**Q** 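Below: one structure in structure tokens.
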Amino acid sequence: MSTKLNSRIPEGPVAEKWTKHKGTIPLVSPANKRRIDVIVVGTGLAGSSAAASLAELGYNVKAFCFQDSPRRAHSIAAQGGINAAKNYQNDGDSVFRLFYDTIKGGDYRSREANVHRLAEVSTSIIDQCVAQGVPFARDYGGLLDNRSFGGVQVSRTFYAKGQTGQQLLLGAYSALERQVAKGRVKMYARHEMVDLVVVKGKARGIIARNLVTGELERHSAHAVIVASGGYGNVFYLSTNAMGSNVTAAWKAHKKGAFFANPCFTQIHPTCIPVNGETQSKLTLMSESLRNDGRIWVPASLEDAKAIREGRLKAIDLSEEQRDYYLERRYPAFGNLVPRDVASRAAKERCDAGYGVNKTGEAVYLDFAAAIVRYGQEQANLKGMHQATESEIVALGTKVVASKYGNLFQMYEKITDENPYTAPMKIYPAVHYTMGGLWVDYNLMSTVPGLFVAGEANFSDHGANRLGASALMQGLADGYFVLPYTVGTFLADDISTGPISTDLPEFAEAESASRARLEGFLNSKGSVPVEVFHRRLGRIVWDNIGMARSEMGLKKAIAAIRALREEFYRDVKVLGGMYEMNPELDKANRVADFLELGELMALDALAREESCGGHFRDEHQSEEGEALRRDEEFAFVSAWEFTDGDPGKATLHKEELVFENIKLVTRSYK
Amino acid sequence: MNLTLKVWRQKNAKETGSFATYQVRDISPDMSFLEMMDVLNEQLISQGTESVVFDHDCREGICGMCSMFINGEAHGPDRGVTTCQLHMRKFKDGDTITVEPWRAKAFPVVRDLMVDRSSFDRIIQAGGFISVNTMGNLPDANATPIEKHDADAAFDAATCIGCGACVATCKNASAMLFVSAKVSQFALLPQGQVEAADRVRNMVNQMDLEGFGNCTNTGACEVECPKGISIENIARMNREYLKASLIS
């Protein structure tokens, strides 16, 4: 165990830790809260809910987002649902089972105490959201409906069609705007954090760029919460929003916050395949589709080839000519295996030559069976005992449309193909990053006063996140964890008084930021930022993607270092500093991705095992399953930025202790 | 395909803008409209011209950030999509495409095709919420059953992405569709009843203060809305408003 890491996990049995801890956290009186300022960076589920809840408690909150409105943060795009251990379906769910599933799903690389707390507060989240008017799906009795997600055998996922993230974020956003109206939150939209200000070892503010005027602004506070999301855009093509970036987290890392498990990235199995060179982003098709969709490729190489060449169509193949490879390999979980397993299985089939689109990188997701099943059910309900096949299909199509209508529409708009009549084509794409800034049990980083919430921290998902758990974690952190745990730090600040932005630390951070941004503008290069980002993405996808090897990772490190040098020498950014200049914003973000990419490779190289989303070619079984090495690698890698060079980062290890769950080989067979 | 683009360029809110004409070549029909704009921007940068500024983020039709008025239509010629979901297969080789920002007094231009929609946030601040703090001991989520049709209708209203296409489309630059979607969501749910009267009064009041126009029932907003929000919501808001006036 590193001496620099103290996870501050409370004593006692895991099921009592949170209750006991809450009861002993120092309180800050209402009168004193008014004298304490908190900065929240990012307004997704974690940021909005934290900002709103802290303001309700009485803290002075300043919230920042780079979008034009806090409602547009990328949590809005989450589709499938949010987990909670309500056990409304009476199917054997419980807090312990959600805890267990999350630890197992994460391939035993997350911290038990944090995950148990997450499972405990999950039920409050649903109550909170319903009270806010979030319109979850309901059944005809008026009660909340649930569905199933990958990696579990119960139905604990609450949803609002394929727009759950939107509805939850609008709930948190409305709570936030209510506080803005009261003057409890000062909202800074179209502002981007460009540096963290650390005063006497404590996080005391940020430098933000006003993206409209280009001015650099100093903002002080007694504590800073970074809830700026994940770093999936290091891959260039991902399901993240175009603006999603690592800059806030990376700047915090360079100011002393350790970065944990950067190589744990999630490749989501069901995304619309890449179609061309000019593609700017990838679109997810919700995992909820795997409830009803069956994944397959042709059983023979000849058929696959004929399909790729357009001589054969999917519907021409009989059942015997199809390989439902997930059902074949994992009979117990079938199409609902966790994401990492499903993604690798798709890659394995496509690498073996069974891919079904022009590029050979696509598999089918087929709803024909579900349409017939639902259609038959509806026909029975309506007493249509002589229903024809086409009547059944029409009825079933209606049911599928009511469940996934917006996703099917999205698919059709993008691909120009009708997924009701021909199976969807899907392929894995980068979706989520389990790694992030290291935090202790209170969600505080290694910089005192800097808290990290949501996808930006590393805490709950280990090496692989289960579906519908990101929304749960974001809201848990913001609504139910941070409002308590900030007290552990802020209780000492009741008589500190306002933090002055005239302190030399603010001046230094501001001038460093200015110099960096001016550097991009003064570079006399000839290549647009986008080109560098695309090239970086290719390196990262090829070498730090679904499969990694020592050779590939070493190659990636050299290539990223070379690309970084080239970037500073040859980037071309037009326009000025003091104006709306999205090219300059992008340069600032890509520069950080160019450093993070190297740390990811370093981390992947150091982790000589396969677990969750991290698959090392050197560590697999004969059947191609991941081989974890618990003896040597049951720890969190926490990297300290060292000597101004991401390649020289120092590794600290937080040993993971499993007292409640036995480490076993993860099996979904 | 090869296209001619007439794009609105405007340095900032104070200066006046004008159209600039650009040519783009070899555009694939599978590209999205914004990817075509990316191609234009890379081309402009290589030529030493500043790129066209436009709002965009999720590029999957849900964040509500993209906001282009294309050939006289909000989000372009396709139905039920945002600009980021509009694909070039909707255009023909040799077309001339005109691209403008949303035009409304309450949406001042920030730069080029980017406008300031913070007026929408202020309308939400006026009452687009249910006054419930974060609490760990709220009633169980299933304590109050909600009739499925009401729940579904509330959901349909709640899918508004706040893009402002309704305002840009309306000849009066009215925000009635946006405001009524939020009012309807809460009017259809038991949770929203407590503050119903104040909510509709305050939100409508703020809408007027921001300088949005009135509704004259042309229904254009519903046609152009990427999420298919129905103008029935406007009727519901009018009823709610009338009810609120009667009890005040």
Side-chain angles (χ1 to χ4, degrees), chain A residues 52-53 56 67-69 71-72 74 76-77 86 88 124 126-128 130-133 135 138-144 160-161 163 166-167 170 174-175 177-178 180-181 189 212 241-243 275-276 278-281 283 409-410 413-414 416 479-480 483 528 530 572 574-575 579-580 582-583, chain B residues 12 28 30-31 34-35 38-39 42 45-46 48 50-51 53 55-65 80-81 85 87 89 110-111 114 117-118 120-121 124-126 128-136 138-142 145-148 151 154-155 158-159 162 185-186 189 191-192:
Chain A
S53 304
E56 287 161 9
Q67 297 91 345
D68 73 327
S69 161
R71 67 178 289 153
R72 308 205 196 279
H74 199 53
I76 199 114
K86 281 283 197 188
Y88 282 163
S124 296
I126 304 302
D127 299 340
Q128 181 69 31
V130 166
Q132 285 170 345
R138 287 174 185 271
D139 58 27
Y140 283 98
L143 301 180
L144 294 163
K161 274 202 185 162
Q163 283 133 289
Q166 181 198 26
Q167 295 310 316
L170 293 182
S174 68
E177 292 296 354
R178 176 169 162 249
V180 173
V212 177
M242 301 302 286
N275 70 40
T278 53
Q279 192 150 358
S280 59
K281 81 152 269 160
T283 304
Q409 185 229 18
M410 197 150 72
K413 290 291 178 192
I414 292 172
D416 210 20
Y479 282 136
F480 297 112
E530 197 76 3
K572 177 176 185 175
L574 298 173
E579 59 182 20
M580 161 65 70
E583 281 299 312
Chain B
N12 53 46
S28 150
D30 288 330
M31 273 184 204
L34 295 186
E35 285 167 355
D38 292 342
V39 170
E42 263 187 58
I45 294 167
S46 317
E50 280 185 53
S51 51
V53 175
D55 262 327
H56 66 111
D57 201 26
C58 79
R59 295 210 177 185
E60 49 189 278
I62 195 75
C63 74
M65 200 122 169
V81 295
Q85 295 173 295
H87 281 73
R89 62 181 84 97
V110 174
R111 183 163 188 178
M114 181 186 275
R117 287 167 289 190
S118 53
F120 271 13
D121 287 330
I124 298 295
Q125 284 158 28
F129 49 77
I130 286 169
S131 296
V132 55
N133 280 0
T134 305
M135 290 180 218
L138 282 160
D140 184 86
N142 259 348
I146 300 174
E147 213 265 321
K148 183 171 167 57
F155 169 81
T159 57
Q185 178 196 344
F186 292 140
L189 297 173
Q191 293 89 338

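Any value given below was found using the heavy atoms of this structure, including those in side chains, with hydrogens, waters and symmetry copies removed. The structure displayed is predicted, hence computed values, not measured ones.
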**Q** Answer yes or no: is there a donor N or O on one side and an acceptor on the other, between the side chain of A/Arg72 and the main chain of B/Gly64, under 3.5 Å?
**A**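 A pair under 3.5 Å: yes.
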**Q** With a 4.5 angstrom heavy-atom cut-off, could you sort out which part of A/Gln128 is near chain B: side chain, backbone, both or neither?
**A** both
**Q** Under 4.5 Å from any heavy atom of chain A, what part of B/Asp55 do you find: side chain, backbone, both or neither?
**A**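 B/Asp55 touches chain A through side-chain heavy atoms alone.
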**Q** With a 4.5 angstrom heavy-atom cut-off, which part of A/Tyr479 approaches chain B: side chain, backbone, both or neither?
**A**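 Both parts, backbone and side chain.
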**Q** Excluding sequence neighbours, so at least two apart, what forms salt bridge (charged side-chain N to carboxylate O under 4.0 Å, His left out) with A/Lys161?
**A**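 Partners of A/Lys161 under the salt bridge (charged side-chain N to carboxylate O under 4.0 Å, His left out) test: none.
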**Q** Report yes or no: do A/Ser69 and B/Arg117 form a side-chain donor-acceptor pair below 3.5 Å?
**A** no
**Q** Which atoms of A/Gln67 come close to chain B, meaning under 4.5 Å heavy atom to heavy atom: side chain ones, backbone ones, both, or neither?
**A** both
**Q** So what's closer than 4.5 Å to chain A heavy atoms on B/Gln191: side chain, backbone, both or neither?
**A**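 Looking at B/Gln191, just its side chain touches chain A.
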**Q** Under a 4.5 Å heavy-atom cut-off, does chain B meet the side chain of A/Asp68, its backbone, both or neither?
**A**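 Contact with chain B: backbone and side chain both.
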**Q** Identify the two heavy atoms, one from B/Ala158 and one from A/Gln166, that lie closest to each other, and give their separation to 0.1 Å.
**A** O-NE2, 4.0 Å
**Q** Among B/Met31, B/Glu147, B/Gln125, which residue forms the greatest number of heavy-atom pairs with chain A at distances under 4.5 Å?
**A**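 Greatest number of close heavy-atom pairs with chain A: B/Gln125.
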**Q** Heavy-atom distances under 4.5 Å only: say whether B/Arg111 touches chain A with side chain, backbone, both or neither.
**A** side chain
**Q** Counting only heavy atoms closer than 4.5 Å, note whether B/Glu50 contacts chain A via side chain, backbone, both or neither.
**A**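 Backbone plus side chain of B/Glu50, per the 4.5 Å heavy-atom cut-off to chain A.
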**Q** For A/Leu170, is it the side chain, the backbone, both, or neither that has a heavy atom closer than 4.5 Å to a heavy atom of chain B?
**A** side chain
**Q** Whether A/Asp416 and B/Arg89 form a salt bridge (side-chain N of Lys/Arg under 4.0 Å from carboxylate O of Asp/Glu) is what I want to check.
**A** yes
**Q** Test your reading of the model: is there a side-chain donor-acceptor pair from A/Lys572 to the backbone of B/Ile45, 3.5 Å cut-off?
**A**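 Judged by distance alone, yes, a pair lies under 3.5 Å.
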**Q** For B/Leu138 and A/Ala131, work out which heavy atoms get closest and say how close.
**A** CD1-CB, 3.9 Å
